[in-house]
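Structure first, commentary second.
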Amino acid sequence: MQARRLCFQEEEDVLLRRTQTASFWRDQFRVTDEDLDFTHELILDAESPLTTDQLALRLIREYQRRETARMESELKKGAVYQPKNLYDVGETLIFPAMDFLVGEVLETRAGQNPEHGAFDVIRVGFADTGETREFAANLQTGHRLNGTNGQTTGDEEALLSAEEIHSLYRNEIEESLLFTLMEGERNEDFVHIDDYWLLADMLAEVHVGHLNIAEALLEMQNRPMTPEELLPELDLQADDVSQPMQVISVNHALGSDERFDQVGSAAGPVWFLSRLEPPEAQTIPPLLQPKIGRYNRAILSVELLQMEWELDDEWGDSGATPVASVVPSISFTLTFPHWLYGTLPLSSRTRALFPHSAQERSMVTVVDGRWGNRYTAWVVHEGRYVCGLKDWMVAHNLPVSAQITLERTDEPDELIIDFRPRRMRREWSRIAKVDADRQRFALEMNKVQISCEYDENLIVSSEDREGLEAFNAGFEGNDAALEQIVEMIVPEIAKLNPQGTAHVKTIYSAVNMFWRCPPGPIFYTLISNSRFQDVGDGFFKVR
């Protein structure tokens, strides 16, 4: 019976290369010093930067090459074990299914198993492990290992290609590669720029003097500049370094100095001085930082979902289809947080008109559709807003809820901004009064001059930026903050309406004076609070 167990045991062993298995790439693969030497030579021979994907793919192919070379080398040491063959004592055998372990036949004897007829059992000793094991030999019945015909490398056509392996295990392979290149003992040998890798000694020397010149140039021009524009003035004196590599060297040096900020551009890297950018480009203002708790969207009515879609909050979950990149212009309503800081939202309607970039910020030029003035604006991708337009809003005396239009131009990083004008007249607006120390809030109605189309449900205002931010900070860490703010705001809005009601858009606008939150959680808080009654058409009243 022992021989029968041996036969079945060998049937379970699958003749596969390690590089063809998920367990190797997911559990065993680690970038070694040998791999780093290979990567170093790879970049050196290419004489140009290589992406992480390119390095990973080449490394997979190298592992496959090494594996084939090792297999061919091991096969020269003896005969490949196959259960059908007859073996003599002292014969050297190779066991591909055991990672090409080499063993010597120490003993042969007759096997006993009625299902397989007459066969032998060989006892094999393995010098590398110090173990001995028994295997079937001279086996006349079928066995999986007999089908290789001595070919231990497997069916070449059935093997996964390097591209297929990369597609299947890309995350695991590149995680190990990136960790070693960035955090390993030899990380100083490699330089990472965007998603490209090159060798440190391939770069031209860019010292602090060059950086000081670049700073002076940017300050004098007062505009972002490309590395190609900066390069002639830097005089790197790197005759042995190609011009493209000099550009890469400048980009790397500027990116390593906190004085400089790379602003995304469709044409390539563009640099500016961080200190010349508006504060909102460097740090997301408190009232633009979203605070979105968990809520149950399933209980929102169709009417409330429609209101949410109309508001198109950039942090909302309305499921609005993003505007296609070919749409020439769009319109949206200016909400309080964006009015306060002079920003525009990157919502489903506006996002397509602005550049996309992997950088934190992108620069765009915004042209005033009324007067033709040009403004430098900054797209803050993480914060989902565009800043730098406070002067434009002030120049046209735009209120909260103003209807704004954006229009494409022929330039990829330029667009026209405008509003819908009308004859100036005085209109009622809700004005907020806050006492941040006592966390008190009140609304009153005052007349303000308005010369544009606006949404009367959204118009709320306050010039007390510091008070609002302090009020907001007083709720930090309070899980019930949104509920408390809604309970505080709804009665204040309702008291200004002869019907004693508050519209959901007004509630949303007022809540966002203190607590940056999209409509969904606010609407949920309204309908789940027994103090408030939905009276239809988007209006609520206090019971």
Q. Is Ile193 close to Pro49 at the side-chain level, that is, under 4.5 Å between some pair of heavy atoms?
A. no

Quick one: do the Asp418 and Thr405 side chains pair a donor with an acceptor below 3.5 Å?
no

Closest non-hydrogen contact found for Val386 with Ala377 is CG1-CB, 3.7 Å

Residues Ala432 and Met513: closest non-hydrogen pair is CB-CE, 3.2 Å

*Ignoring hydrogens and angles, tell me if any N or O in the side chain of Ser249 forms a donor-acceptor pair with the backbone of Ala204 under 3.5 Å.*
yes

*asked:* Between Phe514 and Phe441 (judged by ring centroids, cut-off 6.0 Å), do the two rings come close enough to count as a pair?
replied: yes

Margin query: When you compare the side chain of Leu288 with that of His338, does any pair of heavy atoms fall below 4.5 Å?
Written below: yes

Side chains of Asn222 and Phe272, heavy atoms from C-beta outward: is any pair under 4.5 Å? yes

**Study point:** Check: Thr409 and Glu407 side chains under 4.5 Å, non-hydrogen atoms
**Key:** no

- Is His207 reaching over with its side chain to a backbone N or O of Gly209, donor-acceptor style, under 3.5 angstrom? yes

How about Glu175: does its CD atom have over 12 heavy atoms from other parts shown lying under 6.0 Å from it?
-> no

With no hydrogens and no angle check, do the side chains of Ser274 and Asp261 hold a donor and an acceptor under 3.5 Å apart?
-> no

Classify the side-chain pair Ser331/Arg420 by whether it contains a donor and acceptor separated by less than 3.5 Å.
yes

> Does Leu236 reach the side chain of Glu205, with side-chain heavy atoms less than 4.5 Å apart?
Replying inline: no

Notebook entry, point to check: Are His210 and Glu233 close enough, and set up right, to give a side chain to side chain contact (heavy atoms under 4.5 Å, CB included), and what steps lead you there?
Noted result: CA-CA 9 Å; His210 295 132; Glu233 305 298 329; over 6 Å; no

Query raised in the report: Can we say Arg516 and Asp313 salt-bridge, meaning some charged N sits less than 4.0 Å from an Asp/Glu carboxylate O?
Result: yes

Check: Just by modelled atom types, is the Glu172 backbone N or O under 3.5 Å from a matching donor or acceptor in the Arg26 side chain?
Finding: no

_Validation row: Trp392, Ile417 side chains within 4.5 angstrom (heavy atoms)_ = yes

Point to revise | Sidechain N-carboxylate O distance under 4.0 Å for Arg351, Glu314 | key: no

| field | Over 12 foreign heavy atoms within 6.0 Å of CD, Glu360 | value | no

Can you establish whether the number of heavy atoms outside Glu476 located under 6.0 Å from its atom CD is more than 12? yes

With heavy-atom distances below 4.5 Å as the criterion, would you say the side chains of Val460 and Ile493 are in contact? no

*What do you reckon, is OH of Tyr196 surrounded by more than 12 foreign heavy atoms closer than 6.0 Å?*
no

message: Counting C-beta onward and ignoring hydrogens, is there a side-chain heavy-atom pair between Leu234 and Gln246 closer than 4.5 Å?
response: no

Heavy-atom closest pair (Phe336 atom, Ser509 atom, distance to 0.1 Å) is CB-O, 4.4 Å

When every non-hydrogen atom of Gln484 is compared with those of Phe475, the smallest separation belongs to OE1-CE2, 3.5 Å

Here the gap from Tyr508 atom OH to Cys517 atom SG, rounded to the nearest 0.5 Å, amounts to 9.0 Å

- Query: Less than 4.0 Å between a side-chain N and a carboxylate O, is that true for Arg170 and Asp53?
  - Reply: yes

task = Please lay out, stage by stage, how Asp455 and Thr333 fare under the test side chain to side chain donor-acceptor pair (under 3.5 Å).
result = CA-CA 8 Å; Asp455 187 332; Thr333 303; 5.1 Å; no

Margin query: Test side chain to side chain contact (heavy atoms under 4.5 Å, CB included) on Asn187 and Leu181; report intermediate values, then the result.
Written below: CA-CA 5 Å; Asn187 66 324; Leu181 292 176; over 6 Å; no

Value for CZ (Arg422) from OG (Ser451), rounded to nearest 0.5 Å, stands at 8.5 Å

message: For Asp537, is there any backbone N or O sitting under 3.5 Å from a side-chain donor or acceptor partner on Glu303?
response: yes

Which of Val206, Leu211, Leu218 passes side-chain contact (heavy atoms from CB on, under 4.5 Å) with Leu254? Answer is Leu211

- Query: Under 4.0 Å between a Lys/Arg side-chain N and an Asp/Glu carboxylate O for Glu219 and Arg275?
  - Reply: yes

Item checked: Test item: side-chain donor near acceptor, Gln449 and Asn397, under 3.5 Å -> no

Heavy atoms of other groups near Lys541 NZ, more than 12 under 6.0 Å
no

What one should report as the nearest heavy-atom pair of Phe540 and Val535 is N-CG2, 4.2 Å

Is any side-chain N of the basic residue among Arg361 and Glu277 closer than 4.0 Å to the acidic one's carboxylate O? yes

Between Arg430 and the options Asn446, Val400, Ile459, the side-chain contact (heavy atoms from CB on, under 4.5 Å) test singles out Ile459

Carboxylate-amine/guanidinium contact Glu411 Arg374, below 4.0 Å: no

Check your understanding: Considering residues, nucleotides and ligands other than Glu456, do more than 12 of their heavy atoms fall under 6.0 Å from its CD?
Key -> no

Shortest non-hydrogen pair, Pro491 vs Val486, comes out as CD-O, 4.3 Å

